[in-house]
Amino acid sequence: MSAPLIVIGAGGHGRVVADLARAAGFAVAGFLDPAPTLRGAEVDGLPVLGDDAYLASAAPGSVLLANGVGGAGKPEIRRAVFERFAAAGHLFPALVHPCAHTAGNVTFDPGCQVMAGATLQTGVQVGVNALVNTGAVIDHDCRIGAHAQVAPGAVLCGGVTVEDDAHVGAAACVIQCLCVGAGAMVAAGAVVIRDVPPQARVAGVPARTMG
Ligand SMILES: CC(C)(COP(=O)(O)OP(=O)(O)OC[C@H]1O[C@@H](n2cnc3c(N)ncnc32)[C@H](O)[C@@H]1OP(=O)(O)O)[C@@H](O)C(=O)NCCC(=O)NCCS
């Protein structure tokens with residue numbers, strides 16, 4: 001039996017992560033959330049245990065953590081939450097939903113999250129604290145960098161690299177062998193047919209730099 005798992009953040013993403021963790025076989029103890037309105041509350045049948053101070057007395061390893069901060073468009077918040085607790089020695093297991101299809105050689109770094117309905121084909125690598133959201137399709141040999149996000153229903157064709165902190169928006173498509181640069185944002189519904197430079201924001205079909 002693994003240590004109990006606590007989800008940081010009881011908002012929409014946190015609730016999905018709690019469900020993911022339970023489906024993946026973890027014993028979810030509850031949420032941490034600083035919102036005064038959630039103090040002592042239950043969310044989706046799980047207690048809100050307190051705020052970050054709750055962990056002050058928890059030795060690293062006595063609990064596992066999951067990042068419940070979604071942060072679409074603001075990857076720095078999700079990254080900061082992960083880095084703060086990881087630096088204190090806390091462990092974030094990779095969470096992979098049993099209803100995701102993952103080829104046998106896919107690699108999952110600590111804290112990554114793969115949601116229900118996602119497909120990850122052979123040779124895919126998922127980085128630290130990266131998020132592959134509901135129903136995303138990640139074809140062969142793609143690499144998803146640390147803290148990067150692939151939003152619901154997005155499609156990465158084979159050999160695509162999504163660098164650290166980049167975001168591929170919902171239902172966007174990136175054609176084969178391209179690179180989405182570090183910190184870049186691909187808007188929802190975009191079709192990317194050229195490499196996206198670091199920190200760029202692109203949208204449309206075909207995707208162009210946003211004005
Ligand atoms: C790209 C994005 C970040 C832009 O957000 P924003 O900075 O708030 O931009 P605005 O809504 O002010 O729109 C700015 C302009 O971009 C256009 N635009 C915004 N999103 C667009 C999109 N997905 N495709 C095409 N054009 C888009 C707007 O029409 C607007 O054009 P205008 O200036 O000619 O009127 C956002 O629209 C987006 O697509 N986010 C991804 C959402 C997502 O994947 N969520 C998943 C959560 S799990």
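Smallest separation of non-hydrogen atoms from G189 and V205: O-CG2, 3.7 Å. Closest of all the heavy-atom pairs between G61 and A3 is O-CB, 3.8 Å. A pairwise comparison of heavy atoms in A136 and A151 identifies CB-O, 3.9 Å as the closest pair. The two residues A23 and P98 have their closest heavy-atom pair at O-CG, 3.4 Å. V114 approaches A100 most closely through the heavy-atom pair CG1-CB, 3.8 Å. The two atoms that bring C142 and L156 nearest to each other are SG-CB, 3.8 Å, heavy atoms only.
Looking only at atom types and distance, the side chain of H147 has a donor-acceptor partner in the side chain of N129 under 3.5 Å away.
Within a 6.0 Å sphere centred on CZ of R84, heavy atoms belonging to other residues, nucleotides or ligands number more than 12.
Y54 places none of its side-chain heavy atoms less than 4.5 Å from the side chain of V63. Residues M115 and V17 meet the side-chain proximity criterion, which asks for heavy atoms closer than 4.5 Å. In this structure the side chain of P206 never reaches within 4.5 angstrom of the side chain of V191, judged on heavy atoms. A heavy-atom distance below 4.5 Å is not found between the side chains of Q113 and V16. Taking the side chain as every heavy atom from C-beta outward, E163 and R143 approach each other to under 4.5 Å.
In the hydrophobic clustering of this structure, L38 groups with V7; members are Ile, Leu, Val, Met, Phe, Trp, Tyr whose side-chain heavy atoms approach within less than 4.5 Å, directly or through other members. V186 and V132 end up in the same hydrophobic cluster when Ile, Leu, Val, Met, Phe, Trp and Tyr side chains are linked at under 4.5 Å. With hydrophobic clusters built from ILVMFWY side chains whose heavy atoms lie under 4.5 angstrom apart, I175 does not share a cluster with V137. No single ILVMFWY cluster, assembled from side-chain heavy atoms under 4.5 Å apart, contains both L5 and V69. When the side chains of ILVMFWY residues are joined at heavy-atom separations under 4.5 Å, either directly or via intervening members, I144 and V168 end up in a single hydrophobic cluster.
Rounded to the nearest 0.5 angstrom, N133 CG and H13 NE2 are separated by 6.5 Å. With rounding to the nearest 0.5 Å, the separation of CG in L95 from CG in D19 is 11.5 Å. Taken to the nearest 0.5 Å, the CD atom of E42 stands 10.0 Å off from the CZ atom of F31. A distance of 8.5 Å separates CD in Q125 from OG1 in T161, rounded to the nearest 0.5 Å. Here the straight-line distance linking atom CG of D52 with atom CD1 of I8 works out to 7.0 Å at 0.5 Å rounding. L64 contributes atom CG, which lies 9.0 Å from atom CD1 of I6 (distance to the nearest 0.5 angstrom).
A distance-only check finds no donor-acceptor pair linking the side chain of Q176 to the backbone of D139 [under 3.5 Å]. No donor-acceptor pair under 3.5 Å is formed between the side chain of D164 and the backbone N or O of A182. A side-chain donor-acceptor contact under 3.5 Å links N67 to the backbone of R78. Using a distance-only test at 3.5 Å, with no hydrogens or angles considered, a donor-acceptor pair links the side chain of D33 to the main chain of A10.
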Output, in order, the C-alpha distance, side-chain angles, deciding distance and verdict of side chain to side chain contact (heavy atoms under 4.5 Å, CB included) for V106 and I138.
-> CA-CA 11 Å; V106 176; I138 316 293; over 6 Å; no

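By the 30° and 60° cut-offs, the orientation of the rings of F92 relative to F82 is tilted.
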